[in-house]
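The structure appears right after this line, and notes come after that.
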There are 2 protein chains.
Amino acid sequence: MADVARLAGVSSQTVSRVSTGHPGVLESTRREVLNAMQQLGYRPNSAARALKRGEFRTIGVILFTLATTGNSRTVEAIAAHAAREGYAITLIPVAVPTQDGVLGAFTRLGELAVDGIIVIMEVHLLDAVDLTLPPGVPVVVVDSDAGDRYPVVDADQADGARQAVRHLLDLGHETVWHVTGPDESFSSARRAQAWQAVLDEAGRPAPECERGDWSAESGYRAGRRLAARPDCTAIFVANDQMALGVLRALHEAGRRVPEDVSVVGFDDIPDAASYMPPLTTVRQDWAEVGRLCVQGLLQQINRHTVQPGTVLVPTTLIKRESTASPL
Amino acid sequence: MADVARLAGVSSQTVSRVSTGHPGVLESTRREVLNAMQQLGYRPNSAARALKRGEFRTIGVILFTLATTGNSRTVEAIAAHAAREGYAITLIPVAVPTQDGVLGAFTRLGELAVDGIIVIMEVHLLDAVDLTLPPGVPVVVVDSDAGDRYPVVDADQADGARQAVRHLLDLGHETVWHVTGPDESFSSARRAQAWQAVLDEAGRPAPECERGDWSAESGYRAGRRLAARPDCTAIFVANDQMALGVLRALHEAGRRVPEDVSVVGFDDIPDAASYMPPLTTVRQDWAEVGRLCVQGLLQQINRHTVQPGTVLVPTTLIKRESTASPL
DNA sequence: GCGCGTCATGTTTGCGTAAACATCGGCAGT
DNA sequence: ACTGCCGATGTTTACGCAAACATGACGCGC
């Protein structure tokens with residue numbers, strides 16, 4: 001910076017003013033400085049800046065995996081919106097989904113240069129490590145029921161599930177079977193709860209759930225078991241990938257979709273429209289979730305206000321060709 | 001830090017020594033300092049640290065999208081390996097895949113606190129912005145043909161495509177049709193080139209390519225056109241998602257897979273094993289790509305050696321049930 | 001017993017930046 | 001002409017840390 005100042009014939013403070021866009025610099029001076037900067041290939045040192053300003057303009061995102069469509073889409077939206085606000089995002093992957101793994105990530109995070117944190121994971125995994133969450137660091141949580149302790153942003157999974165199950169009942173199915181995600185997943189639990197609630201309301205018997213792990217393969221296994229039951233005519237599957245497996249199992253068992261069995265998925269991943277048949281499913285707006293995360297976090301950072309509570313992003317039932325009235 | 005020093009009854013330098021793990025501190029003193037740190041909730045300020053040390057221990061990853069399986073998996077592997085080496089990763093999404101967009105990202109990047117950059121995108125988009133790539137900043141590129149200018153890491157797409165096409169020819173197909181990715185994609189070009197080369201070598205006619213955009217929907221459209229041609233018995237599709245669309249198109253046209261038409265995909269995304277039928281495809285080892293990126297970048301950072309050149313990660317043909325000899 | 005080396009610890013300094021304050025020149029109002 | 005004020009720019013300082021150097025205590029060999 002001193003070199004630039006010398007070349008431009010001004011003080012380093014003026015250089016600083018130019019590079020931060022402060023007002024009160026003569027246009028002619030500004031141009032001179034800009035010119036000197038370019039000539040010397042000067043770029044501000046962000047460490048010094050962060051040190052001086054006491055902020056990093058960086059948001060940390062802590063998650064288990066980018067392998068799920070939901071997570072990667074959410075992160076992408078977070079990154080895009082953060083960039084728009086002049087924030088970079090730092091990814092903190094938790095290698096192992098254990099409390100030790102989370103603890104490690106949070107320890108690293110404590111030393112990391114971030115102004116706030118977005119947590120994309122089940123909060124119960126955080127319970128044991130709360131102490132290490134640097135106090136005073138703004139946090140927003142996704143995919144969790146921690147609305148009483150942190151600000152939470154999430155898709156309205158319960159409502160999506162309700163729409164899915166009601167759609168099947170409205171088509172005239174006696175009841176709806178359900179393939180859940182893994183036990184640890186709060187999303188899975190909420191979807192299952194809503195499924196159960198709708199059946200209860202309608203006075204229909206709730207068959208026992210099949211349990212999967214989100215993978216198509218696990219959906220296939222669940223689907224084979226369901227395909228063997230002639231009374232099963234409608235299935236609500238907790239995500240699209242498992243639904244893909246269910247469709248294959250039904251196909252192999254000779255049960256037609258939607259003529260013999262109706263299937264509804266969850267997520268509306270891009271491929272779902274190309275399944276055989278195109279899948280009726282519940283769309284989640286991950287972009288909006290990401291946007292609200294960033295917005296909520298920046299609000300905390302700038303206004304120093306924290307409001308625990310859950311913000312729900314609406315979900316939409318997308319009707320395609322995998323559902324029909326029973327024959 | 002001063003507070004910690006006071007509480008522990010030592011100088012701030014000793015606190016620094018403890019927090020950086022430097023040797024030459026009496027065990028008893030160390031414990032005392034650690035204790036004081038905990039009590040005061042002290043955590044080192046990484047901005048100051050970076051300023052003093054002249055390094056950020058952060059790697060920037062610049063890419064267009066996390067929406068493709070390949071990108072998100074690669075990023076995940078990069079993050080994991082970087083974490084293991086004590087590096088954080090910062091995501092720089094390029095909103096618009098134009099040179100302006102890239103330019104913007106690199107400008108931001110220049111002011112960003114990173115010690116090196118991994119670029120996951122077509123390098124030709126960088127051409128116009130080379131000047132803004134901060135000189136002296138280590139770079140590794142993925143998915144590009146810039147091996148003469150930068151260190152490049154990539155899956156061996158040509159070999160994977162060769163294996164796929166040879167497999168189909170070996171099964172006895174007269175020739176192999178091809179559905180490509182979008183024009184701008186270098187991966188797509190390499191796969192198409194290899195496809196053409198194998199057919200040429202074998203003295204087979206190369207049918208005209210169908211062009212897609214990686215999406216299942218575009219695969220479906222290409223598949224419909226191919227399904228209409230009775231002479232088409234073997235299709236090499238440039239990725240799995242488009243293959244899903246091709247499978248649906250063939251199914252709707254009443255052409256059985258693999259009895260009437262064989263299909264090979266590329267990527268081996270987890271769902272591919274659950275397609276109908278399970279898809280024969282080429283597996284890419286994204287985790288290894290990510291690992292090598294980090295390794296190569298750290299080598300540059302630590303040893304100050306740059307070696308342009310391309311490192312290829314082997315790809316493997318995974319034979320499933322979508323390919324068979326023609327009837 | 002003296003000098004020297006060794007080890008634990010303390011003191012000084014500067015990394016690059018920007019806020020706070022200081023200065024300086026000119027212009028409006030009287 | 002003088003005061004006062006404002007706008008443009010310069011000077012000083014501190015952000016938190018860790019290298020480099022300084023100090024001081026202790027032990028060992030002669």
When rounded to the nearest 0.5 Å, the distance separating CH2 of A:Trp286 from OG1 of A:Thr68 is 8.0 Å

Report yes or no: do B:Arg17 and B:Thr29 form a side-chain donor-acceptor pair below 3.5 Å?
-> no

Touch class at under 4.0 angstrom, heavy-atom based, for B:Ser12 against every strand present | nothing

Can you figure out which of C:dT17, D:dT11, C:dT11 approaches the side chain of A:Gln13 most closely?
-> D:dT11

Assign each of B:His22 and B:Leu51 the nucleotide of DNA chain D bearing its closest heavy atom; nearer the 5' end lies the nucleotide of B:Leu51

Are OP1 or OP2 of C:dT17 and a side-chain N or O of A:Ser19 less than 4.0 angstrom apart?
-> no

Whole-Å distance, B:Arg31 CZ to C:dT9 P, equals 12 Å

B:Phe56 atom CZ is separated from D:dC17 atom P, nearest whole Å, by 17 Å

Mapping B:Arg17 and B:Ala48 to their closest nucleotides on DNA chain D, which lands nearer the 5' end?
-> B:Ala48

For the atom pair CG (A:Asp143) and CG (A:Asn71), what is the distance rounded to the nearest 0.5 Å?
-> 7.5 Å

Options D:dT9, C:dT17, C:dG10, nucleotide nearest the side-chain atoms of A:Val25 | D:dT9

Starting from P on D:dC6, measure out to CG on A:Leu26 and report it in whole angstrom.
-> 18 Å

Gap between atoms CD and P, on A:Glu55 and C:dA19 respectively (whole Å) | 11 Å

Given atom CE of A:Met37 and atom C1' of C:dG16, what is their separation to the nearest angstrom?
-> 13 Å

For the side chain of A:Lys52, counting heavy atoms from C-beta on, which of D:dT9, C:dT9, C:dG16 is nearest?
-> C:dG16

Which distance, rounded to the nearest 0.5 Å, do you find between the CG of B:Leu298 and the CG of B:Asp115?
-> 9.0 Å

Describe the nucleic acid contact of A:Arg53 in one word from base, sugar-phosphate, nothing, applying a heavy-atom distance below 4.0 Å.
-> sugar-phosphate

Please state how far atom CG in A:Asp3 lies from atom C1' in C:dC15, giving the value in whole angstrom units.
-> 14 Å

To the nearest Å, give me how far apart CG (B:Asn45) and C1' (D:dA18) are.
-> 13 Å

With the side chain defined as heavy atoms from C-beta on, A:Tyr42 is closest, among D:dA18, D:dC17, C:dT17, to C:dT17

N or O in side chain of A:Thr14 less than 4.0 angstrom from D:dA8 OP1/OP2 = no

Rounded to whole Å, CE of B:Met1 lies from P of D:dG16 at a distance of 10 Å

Answer with base, sugar-phosphate or nothing: what part of the nucleic acid does B:Ser16 contact at a heavy-atom distance below 4.0 Å?
-> base

Within a reach of under 6.0 Å around CD of B:Glu27, are more than 12 heavy atoms found that belong to other residues, nucleotides or ligands?
-> yes

